[in-house]
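Input: a single structure, listed below in structure tokens.
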Amino acid sequence: MLFNSFVFFVFLAVVLPVFYLLPSKKTKNIFLLASSYFFYGYWDWRFCSLLAFSTVVDFLIGQKLCQTDCVTSRKRLLMLSVVANMGLLSVFKYCNFFIESFAATATLFSLELDYVHLNIILPVGISFYTFQTMSYTIDVYRNKVRPAENFIDFALFVAFFPQLVAGPIERARHLLPQLSQKLKPSREQFEKGIALIVFGLFRKVLIGDTAGRIVDNIFIQPDRYMSMELICALILFSIQIYADFSGYSSIARGVGRLLGVELVRNFEQPYLARNISEFWQRWHISLTSWLRDYVYISMRGNRSGQERTFFNVLIVFGLCGLWHGAGYNFIIWGVLHGIMVSFHKVMILERDHHEDEQIVKRFDPWWKTGMKIFVTYSVVTLLWLFFRAQDLSVVSVFFQKMIHWQTSELAFRFVIITGTFFVITLIMDTFEAVTGKHSYVLLLPEKSLAYGILMALFVVTLAFMFQSEPMPFIYFQF
Amino acid sequence: MNSFILMLKKLFLFCIAFLVTVGALDFYLQSAEIQFLALGIYDEKRGFRLMPHQKYSFFKEGFSISETTNFGYYGKDIQIDKPTDTFRIALLGDSYVEGFQVFDRDHFRSILQKNLAESYGHRVEVMNLGMSGFSLSDEYCYYSRFVKSLHPDLVIIVMRQSDLELKKKSVTQPYCYIENDLLKVDESYLQSRQFQKKVKTQFFRGKTAVGDIFSNCRKLIKLGQYKSILFGKFANISPELPEHKIKNEFLVPDVNRRILEDLQQENVVIAYFGEMGSDSIAVLKPFADHLIDLNKPLDRLREQNINPNFWKATNREGHWNHEAHLAIGKYLAGRINEMISEEVLYE
């Protein structure tokens, strides 16, 4: 069920009143669990079994971990959880990629292998919920969280429908305690929830999807388009992927609030970052922190010397790329980000080294901050090319057209369109950054003004949705 | 009393905020060219047509960004007076000729013009006068009332069998009929109340993106499509479409036979595509050397496993895609070139 479809709002219109009317914590959680499975099964009910499998395995392993102090047994249990979850991911997401890569490698050694391309459908959101359940088991193993005592609460932690298919990837220590209590949203939570849903829907439908229509058409046949049109398509993709994913996260957080649950923030104006490391502290925060806590730190992070640190950074970003999709373009995108982050770390080390010799300005003038933001955004946008390109030939066409410039009579129109998308995104992000709130409209002194703005945004967005086909969220495929 | 005034004040602020936001959204939607604005207006001479010099972006199975011409068509501006030393071709047809799905530079109009200019040596001007939803009857009315005034050296009518079906009388369009064995163009639409009303209110058309969005919603509700939109899988998604009349059983109506007979006297080339019944083929036969079968380039694409109607970006079928436009443009150029060299066009 897509958040940007009417059927989701019909679903919500049924779920919310029933949820509010239910008297006890137990009935509320059972109802939410059933609703979450219905939500997930709407695509394909067979995939509910995968969700249930992951839930049961990690719940039982969590219980067992609690019952034993034997280090070897605990390690084995942890490995069992990792193998089970990564096994699911490997089969459903990476199987064909591994087979094809193996066959391609064999061809390099003049070995012709007959291989079968398996017709496997990628279950929606599998990367999100497997990472979420794994984080629970690792935290229990590390004694950072107590194992869940109630199976319903744990099953709801895994399947909680607002964040089930595209995050944010929640941690047990944050979400489980909330689900262990009777959920009852406050008036403030309700208001903020509505504002987040409206802003999220606006971002997704009227920024992300509409920019995406141009992007999809240009990226499928880039050789048909002129140089400036390609540059605009790349900028539009940077806007599309941000509006799409942050829009989803915003709706997820908003729906969570309507149910009395606080979900973590997943985006903090990433395109206003002043360097690449800061970008990753603001982009898909729940995944970045997951990789930091469970992969980077497990590899000893930056505690084994400079070279090992850079190696670890490259591994983590390579995995980050692979998490996004089973394709070489994603791995290249991840590794390139890893190189940029490592490069930035070197620059910081250099600066710190010279700190005694010259005065380092901690607070930059506005123009310098602006330049840093611009350079960071340009690098991030350029790297999106590897992420979006179906194969490296698309990247090659882009670079060729940049070198052999082709003029277009439509260049000005493309620039105006791209500029409009850019400005609306910038305005929304600036409001968020200045106020520090994602539901900033509620800070207006007169609530009626806020309600008027939200109502207008909601009505126009819904009307636009009604007359156009819904586009799936980009991150569903991950 | 105080609480009542307070409530009124809140309501007033709510309405102000609502309207200002809608206005701002409209500006955004237009500036980012998100909504395809209603382009159609009503003209006393031509009936329904597109607004001149209107910028638009089109998103359906394909995508294009363009601006309508001075006469309200897709392509380059047209001068009434034909420049000297210019061979002028008028393309007539339905949405396949209109071709909103591709940029003008990829449209078969441009490819035909470029290829002919290269081989012919003279200046060649190909005008795209295609209009979505047009049938042979509409094209004939257009031809006799407007296209002739542009003095084309050649008219290419692109059609398929459905264009030969009988056109219902429209209250906003001229239409053809036979009276006393004579082919006539009915102009009673000019007096119809609907037409007058549309002419009077057309000032508002294409002015607000938000208005167009709501207008589209109203149309979809009228068509009964709201169930599948609102309830997704749970609604009976789309009613089964009635099966098309078996192609071979189709008989060309008398009025269209007469139109085709009339067109034989003019410098008109018929380019047809799609499945044609035996009667349709029979009525087109007299065009002989002026008849072009567009299925040939399209079938050649199919032999290369290229579906001329499939759009990769949107993963669905629809009008001709880029490959089809290229193939048709080149094929038409070849055929027209043959006609020119064999002087078939000047007989």
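Predicted model only: the values in this text are computed from it and were never measured. So you know, we letter chains A, B, ... as the sequences are listed, proteins then strands, and number each from 1.
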Handout entry: Donor-acceptor pair, side chain of T68(B) and main chain of Q54(B), under 3.5 angstrom
Key = yes

Problem - Check: N329(A) side chain, A389(A) main-chain N or O, donor-acceptor pair, under 3.5 Å - result: yes

Practice task
Would you check if Y73(B) and N128(B) make a side-chain contact, meaning some heavy-atom pair closer than 4.5 Å?
Solution key: no

Problem - For chain A, the option from S66(B), C15(B), G62(B) that forms the most heavy-atom pairs under 4.5 Å - result: S66(B)

Fill in the blank from the handout: Among residues 95-107 of chain B, those lying within the under-4.5 Å heavy-atom range of chain A are F103(B), R105(B), D106(B)

Handout entry: Sidechain-backbone polar pair: Q113(B) side chain, V126(B) backbone, donor-acceptor under 3.5 Å
Key = yes

Exercise for the section: Kindly give the heavy-atom pair with the smallest separation between T381(A) and S238(A), and that separation in Å. Expected result: OG1-CB, 3.8 Å

Problem - Partner chain A: residue of L11(B), L25(B), L13(B), I34(B) with the largest heavy-atom pair count (under 4.5 Å) - result: I34(B)

Handout entry: Contact class of I214(A) relative to chain B, heavy atoms under 4.5 angstrom
Key = both

Practice task
Could you check if a side-chain atom of H438(A) sits within less than 4.5 angstrom of a side-chain atom of M428(A), using non-hydrogen atoms only?
Solution key: no

Exercise for the section: Please flag which part of F63(B) lies under 4.5 Å from any non-hydrogen atom of chain A: side chain, backbone, both or neither. Expected result: both

Problem - Under 4.5 Å from a heavy atom of chain B, the part of I453(A) involved - result: both

Handout entry: Toward chain B, the part of Q390(A) with a non-hydrogen atom under 4.5 Å
Key = neither

Fill in the blank from the handout: Applying a strict 4.5 Å limit to non-hydrogen atoms, the region of I427(A) in contact with chain B is neither

Exercise for the section: Name the option with the most non-hydrogen atom pairs under 4.5 Å to chain B; the candidates are M455(A), E446(A), R224(A). Expected result: R224(A)

Practice task
Would you confirm whether the ring centroid of F398(A) sits within less than 6.0 angstrom of the ring centroid of F219(A)?
Solution key: yes

Handout entry: Toward chain B, the part of Y225(A) with a non-hydrogen atom under 4.5 Å
Key = both

Practice task
Go through the atoms of K219(B) and report whether side chain, backbone, both or neither lie under 4.5 Å from a heavy atom of chain A.
Solution key: neither

Practice task
Please flag which part of F414(A) lies under 4.5 Å from any non-hydrogen atom of chain B: side chain, backbone, both or neither.
Solution key: side chain

Handout entry: Best-contacting candidate, I218(A), I207(A), V423(A), L444(A), against chain B by heavy atom pairs under 4.5 angstrom
Key = I207(A)

Practice task
Let me know if I424(A) has heavy atoms under 4.5 Å from chain B in its side chain, its backbone, both or neither.
Solution key: side chain

Exercise for the section: Identify which part of L230(B) has an atom lying under 4.5 Å from any heavy atom of chain A, answering side chain, backbone, both or neither. Expected result: both

Completion exercise
Only one of F47(A), F161(A), W45(A) passes ring pair (Phe, Tyr, Trp, His ring centres under 6.0 Å) with F39(A), and that residue is F161(A)

Problem - Contact class of L454(A) relative to chain B, heavy atoms under 4.5 angstrom - result: neither

Problem - Side-chain heavy atoms of T407(A) within contact of W405(A), under 4.5 Å - result: yes

Handout entry: Which atoms of Y28(B) approach chain A - backbone, side chain, both or neither, heavy atom under 4.5 Å
Key = both

Practice task
Go through the atoms of V22(B) and report whether side chain, backbone, both or neither lie under 4.5 Å from a heavy atom of chain A.
Solution key: both

Completion exercise
In terms of heavy-atom contacts, C232(A) and V415(A) come closest through SG-N, 4.0 Å

Practice task
Identify which one of E323(B), H319(B), R302(B) satisfies the side chain to side chain contact (heavy atoms under 4.5 Å, CB included) criterion when paired with P308(B).
Solution key: R302(B)

Handout entry: Under 4.5 Å from any heavy atom of chain B - which part of S408(A)
Key = side chain

Exercise for the section: Verify, without hydrogens or angle tests, whether S396(A) (side chain) and L392(A) (backbone) share a donor-acceptor contact under 3.5 angstrom. Expected result: no

Fill in the blank from the handout: Turns out that what part of Y42(A) lies under 4.5 Å from chain B's heavy atoms comes down to both

Fill in the blank from the handout: Among F9(A), F8(A), F202(A), the residue with the most heavy-atom pairs under 4.5 Å to chain B is F202(A)

Handout entry: Backbone of I416(A) reached by a side-chain donor or acceptor of T420(A) within 3.5 Å
Key = yes

Fill in the blank from the handout: Whatever's closer than 4.5 Å to a heavy atom in chain A on L29(B) counts as side chain

